[in-house]
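Report on one structure; see the data block that follows.
Computed from heavy atoms alone, side chains included, the values below leave out hydrogens, waters and symmetry copies.
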Amino acid sequence: MARAGDTAWLTAVGADRPYATAEDATPPGAAERLRSWYVGRLAARAAIDPVVGAAFRDVTYLAAPPSRLLSPAVALRTVLLPKARGLAAPPLRGES
């Protein structure tokens, strides 16, 4: 039973890494920096790409294993295609 929750646990605590304090943090290694870059890029691409979005959602909902995020279809779209562009300003409208 513990093995079933390992992936979810590691994903959750990995997201907390940027908020670690100086006393309890060790500098991230190359593998952690690469993983962090990939997941950030994946999340940005998931917002605009249905293939990446579906894989990201399935893994987040624990309906698919994390290895799905490294499948060729998802990895190539994540790395090679441009990530989502943010808005230059909030989409505000004047009152009529």
For this session: Any chance you could measure I48, atom CD1, to R77, atom CZ, to the nearest 0.5 Å?
Result: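 Going from the CD1 atom of I48 to the CZ atom of R77 covers 9.5 Å.
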Exercise. How long is the gap from CZ on R41 to CG on L80, to the nearest 0.5 Å?
Worked result: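 Those atoms lie 8.5 Å apart.
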Would you give me the side-chain donor-acceptor pairs under 3.5 Å for residues 51-73, sequence neighbours excluded?
from: D58; atom 1: OD2; to: R68; atom 2: NH1; distance (Å): 2.3
from: T60; atom 1: OG1; to: F56; atom 2: O; distance (Å): 2.7
from: S71; atom 1: OG; to: R68; atom 2: O; distance (Å): 3.1

Exercise. Does V74 belong to the same Ile/Leu/Val/Met/Phe/Trp/Tyr cluster as L76, with side-chain heavy atoms less than 4.5 Å apart forming each link?
Worked result: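 Looking at the clustering, L76 is in the same group as V74.
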Exercise. Just by modelled atom types, is the P82 backbone N or O under 3.5 Å from a matching donor or acceptor in the R45 side chain?
Worked result: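 Yes, R45 side chain to P82 backbone: donor-acceptor pair under 3.5 Å.
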